[in-house]
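Notes for the one structure printed next.
Below, chains carry the letters A, B, ... as their sequence lines are ordered, and counting in each starts from 1.
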Number of protein chains: 4
Amino acid sequence: MSAGIAIDPDGRVPASGDKRRLLLDAAVRVFARKGYHACRVADIAAEAGVAHGLLYHYFESKEEVLQTVFRETWSAFLEAVRSVEQAEASAREQLRKVTALVLRSWRDDPDLVRVLVREVARSPQVEREVEEIDEAQRAFQRIVERGQESGEFRRELDPRLTAAVVYGALEEILTGWVLRQLPDGDEDVARAESCVVAVVCNGLLA
Amino acid sequence: MSAGIAIDPDGRVPASGDKRRLLLDAAVRVFARKGYHACRVADIAAEAGVAHGLLYHYFESKEEVLQTVFRETWSAFLEAVRSVEQAEASAREQLRKVTALVLRSWRDDPDLVRVLVREVARSPQVEREVEEIDEAQRAFQRIVERGQESGEFRRELDPRLTAAVVYGALEEILTGWVLRQLPDGDEDVARAESCVVAVVCNGLLA
Amino acid sequence: MSAGIAIDPDGRVPASGDKRRLLLDAAVRVFARKGYHACRVADIAAEAGVAHGLLYHYFESKEEVLQTVFRETWSAFLEAVRSVEQAEASAREQLRKVTALVLRSWRDDPDLVRVLVREVARSPQVEREVEEIDEAQRAFQRIVERGQESGEFRRELDPRLTAAVVYGALEEILTGWVLRQLPDGDEDVARAESCVVAVVCNGLLA
Amino acid sequence: MSAGIAIDPDGRVPASGDKRRLLLDAAVRVFARKGYHACRVADIAAEAGVAHGLLYHYFESKEEVLQTVFRETWSAFLEAVRSVEQAEASAREQLRKVTALVLRSWRDDPDLVRVLVREVARSPQVEREVEEIDEAQRAFQRIVERGQESGEFRRELDPRLTAAVVYGALEEILTGWVLRQLPDGDEDVARAESCVVAVVCNGLLA
DNA sequence: GATGAATGAGATTTCATTCAT
DNA sequence: AATGAATGAAATCTCATTCAT
């Protein structure tokens, strides 16, 4: 459950005594189901099976719960992106890997993706997290820049904007799945992966 | 003000007696400044310079105000996209026009764009508007499809996904401006326009 | 309609231009349907087919509408009771006539009875009308007293309390009809009439 | 306080920690003083000396408070009426006991009687409680019927209507006390008791 | 007389947060 | 650590009443 948030060092299911983890996982499910604003602290506690006062033992506020969900997820994501960056591979291959990283998260933990897409990506309460979100786009940007330096990519394109294009494309496809506008079977996910890479690298022109 | 929402038949500023319009414009400014959830109905009324009870004369609820802002804006946007679709032009040129349409809205009415990007694009309360948002992507999809039929675009790419890629790219650039991650001077907007079209049509590869 | 409230001097239907009457009749229907507190001034106006501002042309407030309904009805009722009092008849016959007067109002104007029973008889807002309600019981009391003086009725009973007993019995039967606890066909009404008189005059004992 | 609502098993005053009871008792006092509609939830809380939010910990709404007052009182009353029914006694004696039960409640808890008479007995919001109110009249009806079967009472009177007559008489006398139309000293209460029984059983006729 | 847009006091209700136990 | 009763700020929404037209 919520593998993307945190994995026990030994890979085992977290001890049931870990109420903090229990609350975070419950929060993701509840936020996914009802939305951050529409759910109450009591809903999270009920989902976790604890008294709602306990939430304040582990978190400062309801908002901090959302921020924690975001930060724990995002730092794991950034780390994964960085290891793609550092692996020896063509820029195109790196873009493919990052694309896969993002899009496969949907199958791994749809509730978490739903929360990130709907509650965190752009909502006002996350204006402060902009820095961390930006960090991801900068990684994308570095991949583009390295591609340009090596001659693999065209140099006339602004790497910052290009990174935004790629990032936006990925986020939109996740959104399509969250909002059920796009089919999301295993094959569909694979097809989406190739499509993004194909468009971005080769362009639409025949 | 809020040119995107509604334009007087004669192009003049709406009569100041139109309190409904006054409230909608005020709501856009307040939503942009504080966010939908953080602002109170009283803030909207104060911004409009009317008693807050009047809001309920014209709208059922605070939420209906947001929905109205969205719907009025979106239908104008859809209409604009449709006229691009119907104009004689290459698929690439159509994509460029649509890109311009979206990106220039930022200079025309940044408050409105801010609201749409942050409050409407993905928030839970807009799950019901999905149909209308989807309608825009379908227009994009039709442009891609026509490009494929004419031989201008490659046929092996899924038009639905490609539309999502383009749409997501545009939305992300607007988001970058909203969140001040990207520079948004007049030249920057023009550069963004070319960049999106260049990436999407010609690809990154050298 | 609402014959009990006011009858045109000539017995004709009030001119449709008489908006005051229109509003009072509408108010009775709306109060009967939704209750005084649950209905809004706008409901009354809508039922009357006029703008709600007009109500304030004829009445000081919503409460005054209810008071007017009560007062107009009640003074007609008191007058009718007084003519029974003054007619030559045995005390028993007078009680019968008064009973008939009260119980038959249900068939004449059930909406009006419903309003009087539910909104006026005991609600706090009518505490001030006590005097007028009391007036009715005093008429009953005088009938009892005259019956005692003439030797028709037993003298050991307190006339004030006896009047309350009779009055309460009548009100309760109306209430039974209002709340649909008692059958209210024509025959049922006649039977109720005899029952009240029989119990009160002859008693239950065999 | 509010002995009629609930009595501690040991007959002692409820523990002051029982905030629910505190709120119910406070509500009775406030409803009696200002009326249900004229009082605010904040008044009840202030009277109880707790924060008004606490009321919503124990009750769904202000209306549920009134309903609870009614239901708890009424079920105690119904139980008392039933034990009178089951006790060996003549029908007349049973009527006397029930009469005493009702009329003495005024001395026991005038605030509670005031609330029941004014807010519950007939107000629209209690239309749903009709069933429970009816239950009381049915008990009265059974007493009359048993009196008829044993030959103590005349058989030609409708027991349902007769029950309404008795019930209405009692309610009206309570109302007289509530509205200060009738004297309510200890002797007056005793006299009212005899008067009702005398009228109903022996009739007015000399 | 007649309209209905406009006002704004005020009420209920919600719910994040605290804290005694 | 854990509970959940208690708090109270705050927000939406209602609706009687006013008044310019």
> Would you say the side-chain atoms of C:Lys62 pair up with the backbone N or O of C:Tyr36, donor to acceptor, closer than 3.5 Å?
Replying inline: yes
> Among C:Val120, C:Val115, C:Val113, whose side chain to side chain contact (heavy atoms under 4.5 Å, CB included) with C:Val117 holds?
Replying inline: C:Val113
>> Can you measure D:Arg20 atom CZ to F:dG4 atom P for me and round it to whole angstrom units?
In response: 18 Å
> Passes salt bridge (Lys or Arg N to Asp or Glu O under 4.0 Å), A:Arg21 versus A:Glu72? Steps please.
Replying inline: CA-CA 11 Å; A:Arg21 175 87 271 135; A:Glu72 294 195 355; 3.5 Å; yes
>> From CG of A:Leu55 over to C1' of F:dA1, roughly how many Å is that when rounded to an integer?
In response: 14 Å
> When the distance from CD of B:Glu64 to P of F:dT12 is rounded to whole Å, what number comes out?
Replying inline: 15 Å
> Rounded to the Å, how far apart are D:Phe59 CZ and F:dA6 P?
Replying inline: 12 Å
> Around C:Glu60, counting heavy atoms of other residues, nucleotides and ligands shown, do more than 12 lie under 6.0 Å from its CD?
Replying inline: no
> Once you round it to whole Å, what is the distance between P of F:dT12 and OH of B:Tyr58?
Replying inline: 20 Å
> Sequence neighbours excluded, which residues qualify as salt bridge (charged side-chain N to carboxylate O under 4.0 Å, His left out) partners of B:Asp43?
Replying inline: B:Lys34, B:Arg40
>> For a quick check, with a 4.0 angstrom heavy-atom cut-off, what is the B/S/- contact string for nucleotides 15-21 of chain F, read 5' to 3'?
In response: SSBB---
> Can you tell if the side chain of B:Phe70 reaches within under 4.5 Å of the side chain of B:Glu132, non-hydrogen atoms only?
Replying inline: yes
> Can you tell me if the side-chain N/O atoms of C:Lys19 get under 4.0 Å from OP1 or OP2 in E:dA2?
Replying inline: yes
> Is it true that a side-chain atom of D:Lys19 and a backbone atom of D:Tyr58 form a donor plus acceptor pair closer than 3.5 Å?
Replying inline: no
>> Any side-chain to backbone donor/acceptor pair from A:Arg29 onto A:Asp111? Under 3.5 Å, distance only.
In response: no
>> Need to verify one output field. Residue with the more 5' nearest nucleotide on DNA chain F, D:Ala51 or A:His57?
In response: A:His57
> Stem ranges for DNA chain F, with three or more consecutive Watson-Crick or G-U pairs under 3.5 Å?
Replying inline: E:2-21 with F:2-21
